[in-house]
Amino acid sequence: MAIPRLSLQRHLPRIPGHALRLRSWQILKPLTRVGLQPTSKALYCRAPTRLLSRLWGVLTGLALPRWLQRPLLALYVWAFSVNMAEAAEEDLSGYRSLGELFRRPLKPWVRPIAPHDMVSPADGCIVHLGRVRRSCLEQVKGVTYSLESFLGPQDWREDGGQGLSPWRRRGHRLYQCIIYLAPGDYHRFHSPTDWHIWHRRHFPGSLMSVSPSVVRWIPGLFCHNERVVLSGEWAHGFFSLTAVGATNVGSIRIYCDQDLRTNCARDVQGCYNDLSYLARAGPAGVPAPKGAGLGEFNLGSTIVLLFQGPRRFGFCTSAGRRVRVGQALGSL
C-alpha cells in the first residue's frame, strides 16, 4: 500500500530522510553534549516513566476519530519506516487506534521458520550474544550485570519444579542473546525453539528506554526495568525468555497467562511475583513449539534469551545484525 506523502516531507526537502527518523534517545543526547551526563543520568533514572507509560497506554488505546485516523497512523508508519506490506491488514483504516497498529499481526508466510535448533523470537537488532561467563550477563559489550540480579534468587518458590536452575546440568554451557525491538518493528514475540514453560516471574520496575545508547549509558538497566521472565526446559537443559519493558511499553502480554498485569500502580518495585504453570498445565508445563506466538509488547522493547546448551552449540549470526522472527540464530 502506498502511504500518502506528508506535507512535512515536502516542506523539508533539504533534510535527509534518515535525519527525520524519530528515536526516543535523541531527546536526551543534548544533555551529554553540554556536560550534564552525571546529573541527567540521576534525573532520568528518577523520572516517572511508569506513570508516563500508563498514560501513553491509555492514549494509544483510544479509538481515533475517522478524520484523524489515517493521517496520524500514516505519520507513525513514515516516521518509523514500518513495512505495511507485511501486515495482515495493510489498509490503515483497518486500525482503530495506535495500539492496534503497534500490535499488528503479520501475514503468516512473511516469517518462515528456519530448520535450525534456535531461531529469532522477534524482529529487531542483536545487541549482544555469546557465552555467559562468571555468572555475568552483558547488556552491551563491556557493560555487565549479575545473573541473579536479573533472574532473581534461584529458589523458584511454589513452582514444584525442583532443580530449575541455569546451572543444573553439568557439562553444558550457558548462552545468552539480546534482541532490541525498535518502535517500527513487529511487536509480537514467538518461541525460539521447542521447549516447555514451567514458571513465570514478574518484576515490577522502572520503564527506562532500552535503546542501545541508553543501555550503554546506564549499567544494569535490564535489572531496573520491569520484566517478565518465562523459565523452563528445552532438550538441552534450562531455557528462559525474558520480555523487558521500556518507556511507553508498560504493557507486556503473555498469551498463555491471562492473569498477568504489568505496570500496575499497586505493584511494588524491588519485589517480584512468581507463578507456576505446572499446576495449571500439568507436570510438563506449557508447551511452546518453535515459532508459536508467546506474547506482545505495546511498543518496541527487548527480548533476552538465556539457555543451557552443549559445548558444540554455536551461533550463526553476530551482534549488530538485524534479525526477523524465525531467522536462524544457532545450531548444535
Side-chain angles (χ1 to χ4, degrees), residues 1-3 76-77 80-92 94-95 100-130 175-197 228 230 232-236 239-244 249 252-256 285-310 312-332:
M1 182 195 69
I3 300 300
Y76 179 86
V77 168
F80 293 109
S81 303
V82 178
N83 184 1
M84 291 302 296
E86 295 181 336
E89 175 57 73
E90 297 185 36
D91 188 356
L92 292 180
Y95 300 93
E100 287 189 2
L101 181 61
F102 298 155
R103 301 184 299 272
R104 65 195 178 277
L106 301 182
K107 298 181 178 74
W109 58 86
V110 299
R111 294 293 184 272
I113 306 301
H116 294 63
D117 297 284
M118 190 75 60
V119 300
S120 176
D123 286 15
C125 179
I126 296 179
V127 177
H128 180 78
L129 81 174
Y175 301 90
Q176 66 168 325
C177 179
I178 302 173
I179 301 174
Y180 167 67
L181 291 71
D185 286 325
Y186 171 58
H187 297 139
R188 301 187 179 200
F189 49 93
H190 297 245
S191 177
T193 190
D194 295 319
W195 63 302
H196 285 80
I197 309 171
V228 176
L230 300 178
E233 279 199 336
W234 70 316
H236 306 286
F239 192 94
S240 75
L241 181 149
T242 301
V244 182
V249 196
I252 302 172
R253 181 184 173 197
I254 304 298
Y255 297 146
C256 68
V286 176
K290 184 171 67 173
L294 289 182
E296 61 189 43
F297 294 110
N298 200 42
L299 199 61
S301 196
T302 294
I303 293 290
V304 178
L305 301 180
L306 182 66
F307 57 94
Q308 284 181 324
R312 65 181 183 277
F313 178 85
F315 288 105
C316 57
T317 185
S318 58
R321 296 275 186 91
R322 282 198 58 81
V323 290
R324 306 203 302 178
V325 170
Q327 185 175 333
L329 283 184
S331 288
L332 300 176

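Scope of the values below: all heavy atoms of this structure, side chains included, with no hydrogens, waters or symmetry mates.
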Q: Test F297 against F102 for ring pair (Phe, Tyr, Trp, His ring centres under 6.0 Å), laying out the working first.
A: CA-CA 8 Å; F297 294 110; F102 298 155; over 10 Å; no

Q: Please round to the nearest 0.5 Å and tell me the distance separating atom CD1 of I197 and atom CH2 of W234.
A: 15.0 Å

Q) Are L92 and V77 close enough that some pair of their side-chain heavy atoms sits under 4.5 Å apart? A) yes

Q. Would you say the side chain of L181 lies within less than 4.5 Å of the side chain of Y186, judging by non-hydrogen atoms?
A. no

Q.
Ignoring hydrogens, what is the shortest heavy-atom contact between P310 and L332? Give both atom names and the distance.
A. CD-CD2, 3.6 Å

Q: May I ask you to test the V323-I179 pair for a side-chain heavy-atom distance under 4.5 Å?
A: yes

Q. Can you check whether D91 reaches E89 side chain to side chain, under 4.5 Å on heavy atoms?
A. yes

Q.
Rounded to the nearest 0.5 Å, what separates atom CZ in F189 from atom OH in Y255?
A. 7.5 Å

Q. Which pair of non-hydrogen atoms, one from Y180 and one from T302, has the smallest distance, and what is that distance?
A. CD1-OG1, 3.9 Å

Q) Is there a salt bridge (charged side-chain N to carboxylate O under 4.0 Å, His left out) between R111 and D123 once you walk through the steps? A) CA-CA 10 Å; R111 294 293 184 272; D123 286 15; 2.5 Å; yes

Q | Side-chain donor-acceptor pair present, Q308, Y175, cut-off under 3.5 Å | A | no

Q. What heavy-atom pair brings P192 and L241 nearest, and what distance separates the two atoms?
A. CD-CD1, 4.0 Å

Q) Would you call D185 and R324 a salt bridge, taking side-chain N to carboxylate O under 4.0 Å as the test? A) no

Q | Point-to-point distance, once rounded to the nearest 0.5 Å, from CD1 of I254 to CD of E296 | A | 9.5 Å

Q: Taking only Lys NZ, Arg NE, NH1 and NH2, and the carboxylate oxygens of Asp or Glu, determine whether E86 and R104 approach each other closer than 4.0 Å.
A: no

Q | Atom of G184, atom of V82 and distance for their closest heavy-atom approach | A | O-CG2, 3.8 Å

**Q.** T242 and I303, any side-chain heavy atoms less than 4.5 Å apart
**A.** no

Q: Measure from the side-chain N and O atoms of K290 to the backbone N and O of H116, and report whether any donor-acceptor pair falls under 3.5 Å.
A: yes

Q: Decide yes or no for W195 and H236: does some side-chain heavy atom of the first lie under 4.5 Å from some side-chain heavy atom of the second?
A: no

Q: Of all the heavy-atom pairs spanning F315 and C177, show the shortest one and how long it is.
A: CE2-CB, 4.3 Å

Q. Checking S240 side chain against L306 main chain: does a donor-acceptor pair fall under 3.5 Å?
A. yes

Q. Ion pair present between K107 and E90, side-chain N to carboxylate O less than 4.0 angstrom?
A. yes

Q. Do the non-hydrogen side-chain atoms of I126 and I178 ever get within less than 4.5 Å of each other?
A. no

Q. So do the side chains of L294 and H190 get within less than 4.5 Å of each other, counting heavy atoms only?
A. no

(Q) Under a 3.5 Å distance rule, please check whether S120 uses its side chain to pair with a backbone N or O of G326 as donor and acceptor. (A) no

Q | Between CG on residue L230 and SG on residue C256, distance to nearest 0.5 Å | A | 6.5 Å

Q) Can you tell me how far CG of L329 sits from OG1 of T193, rounded to the nearest 0.5 angstrom? A) 10.0 Å

Q | Where P105 and R188 come nearest, the two heavy atoms and their spacing | A | CD-NH2, 3.7 Å

Q.
So, taking the atom named CD in Q176 and the one named CG in L305, what distance separates them when rounded to the nearest 0.5 Å?
A. 9.5 Å

